[in-house]
Amino acid sequence: MEKDANEGAEGVGSDFISEFIKEDLASGRADRVRTRFPPEPNGWLHIGHCKAFSISFTMADRFGGKCNLRLDDTNPEKEDYSYVEAIKRDIKWMGYDWEDREYYASDYFEFLYDTAVKIIKKGSAYVDDLSEAEMREYRGTAIADKGNITITPPGKNSPWRDRSIEENLDLFARMRAGEFPDGAKTLRAKIDMAHPNLVMRDPVMYRIRRETHYRVGDAWCIYPMYDFQHPLSDAKERITHSLCSLEFEIHRPLYDWFIREAEEYPSRQIEFARLSMTHTVLSKRWLLRLVKEGRVSGWDDPRMPTIAGLRRRGYTPEAIRNFVSRIGISKTDSMVDIAFLEFCLREDLNKRAARVMAVLNPLKLIIENWEDGAREELEAVNNPEDPSAGTRKIAFTRELWIERGDFEETPPPKYFRLFLGNAVRLRYAYVVTCTGFDKDAAGNIVAARCVYDPATKGGNAEGSAALEGRKVKGTIHWVSAQDAVPVEARLYDHLFNAERPMDLSPRADGSPGDFTDGLNPNSLEIAGGALGEPCLAQAKPGEYFQFERLGYFARDPDDGKDGRPVFNKTVGLRDTWAKIARKG
């Protein structure tokens, strides 16, 4: 029975996949629901995969079913255990569990081989000697006429298509035995070389590859192709609904064909639009290039859209799941503005992140009428959204650090922060009025000076009344020079300046464009001399903070120079999505 959309699993609400499942259960086509998430262990998962496995796990849960995790590991050249471990770690961090339902396509190699033999015996598969290039030529290509109607002229049969069943069985056994060199022969399905869908034109089922497999070693020298392995692995696991992204829609007839020919459990494939997001590339192939070319520090670089990168940057699983839920499921490809993902994150962090003060580009502020050596403990709110978070004590001393940008010798129009003669409120403390500044021999400002008004403590009602009609428009943050701890702040921006990095334009010299042309050279800035409240020295990796007036930050797993704790800027305080939504 279907659960309420909000019961037991986040996400996806009412959608066409649920309707298909309801129909199948009502008609008896399925007597229960079993889905699967089948990643290839050839890279780390990104937020697009997160949408995919969230849908599969959520649908299974909604209808009282189960979701398998299956590693589709049939391409040994590109797969290894490190990817498997990363995939499992990321799915668990996102809050999903597959319990004892962990499978590997490589466990099915004998079953797949036997199934291929069965299909050969039915006269529906043959061993071919054409090279890869010759197969492409024989298959043909689609063209478009002036009316934009796709026309696919018939291909032509391979000269070896009519080999006898006995010869095909013998050659396939010898392929497995290793008698032929790599690429010399393939096993192909015998379907229709005139089929309008190119996928159905005698697709390859097996190829010869002498590669050591990370799980089965050198036990095999032939490996099944994805289009053959995938539906039969689904069938073997008795998957009722094989949920996948829209690019597999054209492969659905082949998916169904292999299941029919194998006479296996009739799993049903249903496609949905994949996630596309601005300023982002969501393809393991292209993300791997960024890693290999050293354009990022690794798969978990906080600028990467991988789940590991998002986690390291300070994203929460709840925010990502909420984002996936709110974008919904459709059959139409569309581009999601990354500002909406940031909105979902900001909404979540606002509730959970502890507030602290930190100064990224420090300038000393000297309070001239504060007694030298005196110290006052002030009360600061840990999170105004969460009263249970309580308060903390922060020290107020004669010398403080403020942001260099919060003082101007010659202020521009509408500048409400600190300048000669102007008053500002120091957050949680007092109103101060600038009385002067100090410069070094080179003319650089090294300190600002001020006096404080003792009657304005804390910004409470009494302190506000003490202003006696004065308008203090600016409030700035600060840390005590006596207590401040050194930290390193890493300020991240979009990895790509280009809104659509894969929309390539020719380069200035006329050469073809590349997606790396849109990389943002300023996607990372490091504030190595930042200073923060003492509590930041004890922050644990992954702990979330709001640096007041600056944005949300998370403690990085690694330390920076001189053992300084590193904090990654997760997202700013400014809500660009709200502006976009209002314009819409």
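- Interatomic distance, Leu365 CG to Ile367 CD1, rounded to the nearest 0.5 Å: 5.5 Å.
- Relative ring orientation between Phe20 and Phe16 is described as perpendicular, the plane-to-plane angle rising above 60° on a 0-90° scale split at 30° and 60°.
- We find that Lys66 and Asp61 are not joined by a salt bridge, their nearest charged nitrogen and carboxylate oxygen being 4.0 Å or further apart.
- Distance OG/Ser334 to CE/Met277: 12.0 Å, rounded to 0.5 Å.
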Worked check of side chain to side chain contact (heavy atoms under 4.5 Å, CB included) between Asp72 and Arg70: CA-CA 6 Å; Asp72 276 351; Arg70 182 178 71 242; 2.8 Å; yes
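- Salt bridge status for Arg549 with Asp406: present, with a side-chain N to carboxylate O gap under 4.0 Å.
- Closest heavy-atom contact between Leu243 and Ile17: CD2-CG2, 3.9 Å.
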Verdict with reasoning, Glu403 to Trp478, per side chain to side chain contact (heavy atoms under 4.5 Å, CB included): CA-CA 7 Å; Glu403 289 289 352; Trp478 54 276; over 6 Å; no
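- Taking CD of Glu99 as the start and SG of Cys67 as the end, the distance is 11.0 Å to the nearest 0.5 Å.
- Centroid-to-centroid, the aromatic rings of Phe547 and Phe567 come within less than 6.0 Å.
- The local environment of NZ in Lys88 is crowded, with over 12 non-hydrogen atoms from other residues, nucleotides or ligands closer than 6.0 Å.
- Note on Glu376 versus Lys393: no salt bridge recorded, every NZ/NE/NH1/NH2 to OD/OE distance being 4.0 Å or above.
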Walk me through whether Lys540 and Glu543 qualify under salt bridge (charged side-chain N to carboxylate O under 4.0 Å, His left out). CA-CA 6 Å; Lys540 298 176 182 178; Glu543 197 169 352; over 6 Å; no
Quick one, Arg355 with Asn382, criterion side-chain hydrogen bond (donor to acceptor under 3.5 Å, both in side chains). Give me CA distance, side-chain angles, the key distance, then yes/no. CA-CA 5 Å; Arg355 272 54 166 174; Asn382 287 331; over 6 Å; no
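- The two residues Pro41 and Ile87 make their nearest non-hydrogen contact at CA-CD1, 3.9 Å.
- With hydrogens and angles left out, the side-chain atoms of Gln546 and Glu548 include no donor and acceptor closer than 3.5 Å.
- By the 30° and 60° cut-offs, the orientation of the rings of Phe53 relative to Tyr96 is perpendicular.
- Rounding to the nearest 0.5 Å gives a distance of 9.5 Å between CG of Asn68 and CZ of Arg36.
- A salt bridge does not link Asp348 with Arg321: every distance from a Lys NZ or Arg NE/NH1/NH2 to an Asp or Glu carboxylate oxygen is 4.0 Å or more.
- In this model, no donor atom of one side chain and acceptor atom of the other lie less than 3.5 Å apart for Glu342 and Tyr552.
- Side chains of Asn568 and Arg313: a donor-acceptor N/O pair is absent below 3.5 angstrom, by distance only.
- Shown here are the side-chain hydrogen bond (donor to acceptor under 3.5 Å, both in side chains) partners of Ser330, two or more places apart in sequence or in another chain: there are none.
- Residues Asn322 and Leu345 are not in side-chain contact: their nearest non-hydrogen atoms beyond the backbone lie 4.5 Å or more apart.
- For Glu499 and Thr278, the side-chain atoms include no donor-acceptor pair closer than 3.5 Å.
- Residues Met59 and Phe57 form no side-chain contact, since every pair of their non-hydrogen atoms from C-beta on lies 4.5 Å or further apart.
- Heavy-atom minimum distance, His241 versus Ile270: CD2-CD1, 3.8 Å.
- Ser523 and Asp493 are not linked by any side-chain donor-acceptor pair at a separation below 3.5 angstrom, with hydrogens and angles left out of the test.
- For the pair Arg89 and Trp44, the cation-pi test (distance below 6.0 Å, angle within 45°) is passed.
- Inter-residue side-chain proximity for Ile21 and Val33 is flagged as met; some heavy-atom pair is nearer than 4.5 Å.
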Side chain to side chain contact (heavy atoms under 4.5 Å, CB included) assessment of Leu69 paired with Arg101: CA-CA 6 Å; Leu69 172 64; Arg101 301 181 306 281; over 6 Å; no
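- Taking CZ of Arg555 as the start and CG of Leu536 as the end, the distance is 9.5 Å to the nearest 0.5 Å.
- No side-chain heavy atom of His477 sits less than 4.5 Å from a side-chain heavy atom of Ile402.
- Within the 4.5 Å cutoff, side-chain heavy atoms of Asp556 are placed close to those of Arg312.
- For the pair Arg311 and Trp93, the distance from NZ or CZ to the six-membered ring centre is under 6.0 Å and the angle to the ring normal is within 45 degrees.
- Outside the 6.0 Å centre-distance limit, the rings of Tyr544 and Phe553 are not counted as a close aromatic pair.
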Apply the test salt bridge (charged side-chain N to carboxylate O under 4.0 Å, His left out) to residues Asp517 and Arg507: give CA-CA distance (whole Å), side-chain angles for both, the deciding distance (0.1 Å), then the verdict. CA-CA 8 Å; Asp517 295 344; Arg507 292 171 174 165; 3.0 Å; yes
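- Under the 4.0 Å criterion applied to side-chain N and carboxylate O atoms, Asp386 and Lys351 are not assigned as salt-bridge partners.
- The side-chain heavy atoms of Met304 and Trp299, taken from C-beta on, include a pair separated by under 4.5 Å.
- Between Cys434 atom SG and Leu418 atom CG the span is 4.5 Å, to the nearest 0.5 Å.
- A salt bridge links Glu249 to Lys331: one of the charged nitrogens lies within less than 4.0 Å of a carboxylate oxygen.
- Considering every non-hydrogen atom in both Val424 and Phe416, the closest pair reads CG1-O, 3.6 Å.
- The aromatic ring centres of Phe37 and Trp98 sit 6.0 Å or more apart.
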Derivation of the side chain to side chain contact (heavy atoms under 4.5 Å, CB included) call for Val487 and Leu531: CA-CA 6 Å; Val487 300; Leu531 299 164; over 6 Å; no
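- Taking the six-membered ring where the residue is Trp, Phe396 and Trp370 present perpendicular rings, their angle passing 60° and hence far from 30°.
- Two residues are said to be in side-chain contact when any heavy atoms from C-beta on lie closer than 4.5 Å; Thr433 and Cys450 fail this criterion.
- For Asp73 and Lys78, the salt-bridge test fails: no basic side-chain N is under 4.0 Å from an acidic carboxylate O.
- Using a 3.5 Å distance cut-off with no hydrogens or angles, the side chains of Ser245 and Glu247 do pair a donor with an acceptor.
- A salt bridge links Arg62 to Asp15: at least one charged side-chain nitrogen sits closer than 4.0 Å to a carboxylate oxygen.
- At least one side-chain heavy atom of Leu378 sits less than 4.5 Å from a side-chain heavy atom of Lys457.
- Partner of Leu495 under the side chain to side chain contact (heavy atoms under 4.5 Å, CB included) criterion, chosen from Val296, Thr280, Asp301: Val296.
- Between Arg352 and Glu385 no salt bridge is recorded (no basic side-chain N to carboxylate O distance below 4.0 Å).
- Contact detail for Leu573 and Leu550: the closest heavy-atom pair is CD1-N, 3.8 Å.
- Nearest heavy-atom pair across Pro557 and Pro541 is CA-CB, 3.8 Å.
- Under the ring-ring contact (aromatic ring centres under 6.0 Å, His included) rule, Phe407 has a single partner from Phe437, Trp401, Phe419, Tyr415, which is Phe437.
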